[in-house]
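We count residues from 1, following the sequence as given.
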Amino acid sequence: MNVLCSIKMETIECLKEFPDKGVLLVSADISPSCGLKIDEKARAELSGRLGERLQSILLGSNAIDLGSLCIIPGKYCWLMHVDLVVNQLDGDPFDVCSIATYLALQSTRVPRVDVVI
């Protein structure tokens with residue numbers, strides 16, 4: 001297995017439904033050269049399900065404190081992108097993507113923001 005996981009932080013306006021929380025988006029992409037013998041549509045569906053499942057688990061387990069991603073309540077928050085690319089597939093992609101996400105999150109530092117009025 002060969003998986004690349006990157007974390008990107010972006011400032012956005014807070015969602016009206018959650019004015020005091022940040023946002024998490026997980027996306028996964030299974031590379032055409034990964035060795036999986038399925039067509040492009042099936043690979044895209046598998047990629048989508050993988051990303052949705054990881055996002056659901058991260059949000060459901062409170063592994064990421066979305067409240068800590070709030071910069072100014074009701075105004076600005078962080079949008080955390082977790083992007084995964086599966087380059088080689090030899091087993092269950094969910095297991096390896098879970099581990100890659102965990103390790104990437106362990107080394108992620110949310111930038112400190114000083115608000116000047």
- Distance in Å, Ile71 CD1 paired with Ile12 CD1, rounded so as to fall on 0.5 Å steps: 9.0 Å
- Working to the nearest 0.5 Å, report the span between CD of Glu45 and CD1 of Ile30. 11.0 Å
- Is any side-chain heavy atom of Leu25 less than 4.5 Å from a side-chain heavy atom of Gln55? yes
- Message: I need the minimum non-hydrogen distance between Cys14 and Gly74, along with the two atoms involved.
- Response: SG-N, 3.9 Å
- Checking Val26, Leu54, Leu66, Ile64 against Leu59 for side-chain contact (heavy atoms from CB on, under 4.5 Å), the one that qualifies is Leu66
- Rounded to the nearest 0.5 Å, what's the gap from OG on Ser98 to CG on Leu50? Could you check? 7.5 Å
- Task: Determine the minimum heavy-atom distance between Leu69 and Met9, stating which atoms define it.
- Result: CD2-CE, 3.9 Å
- More than 12 heavy atoms from other groups under 6.0 Å of CZ on Phe18: no
- Item | Close side-chain approach of Val82 to Leu24, heavy-atom, < 4.5 Å | yes
- Query: Should Tyr76 and Val113 count as side-chain neighbours, where that means a heavy-atom distance under 4.5 Å?
  - Reply: no
- Query: Should the heavy atoms of other residues, nucleotides or ligands under 6.0 Å from CD of Glu13 be counted, would the total exceed 12?
  - Reply: no
- Task: Give me the one residue out of Leu105, Asp83, Thr101 that meets side-chain contact (heavy atoms from CB on, under 4.5 Å) with Ile7.
- Result: Leu105
- Is a side-chain N or O of Arg53 found less than 3.5 angstrom from the main chain of Phe94, in a donor-acceptor match? no
- Is any side-chain heavy atom of Trp78 closer than 4.5 Å to a side-chain heavy atom of Pro111? yes
- From Lys8 atom NZ to Glu10 atom CD, the distance as rounded to the nearest 0.5 Å: 6.0 Å
- Over 12 foreign heavy atoms within 6.0 Å of CD, Glu40: no
- Message: Once rounded to the nearest 0.5 Å, what's the spacing between atom SG of Cys97 and atom CG of Leu84?
- Response: 5.0 Å
- Item | Close side-chain approach of Arg43 to Pro32, heavy-atom, < 4.5 Å | yes
- Would you mind listing every salt bridge (charged side-chain N to carboxylate O under 4.0 Å, His left out) that reaches into residues 107-117, with sequence neighbours excluded? Arg112-Asp114
- May I ask you to check whether Asn87 and Ser31 show a side-chain donor-acceptor distance below 3.5 Å? no
- Message: Just so I know, are the side chains of Thr11 and Cys77 near enough to count as touching, which here means a heavy-atom distance under 4.5 Å?
- Response: no
- Among all residues two or more places apart in sequence or in another chain, which pass the side chain to side chain contact (heavy atoms under 4.5 Å, CB included) test with Asp29? Ser47
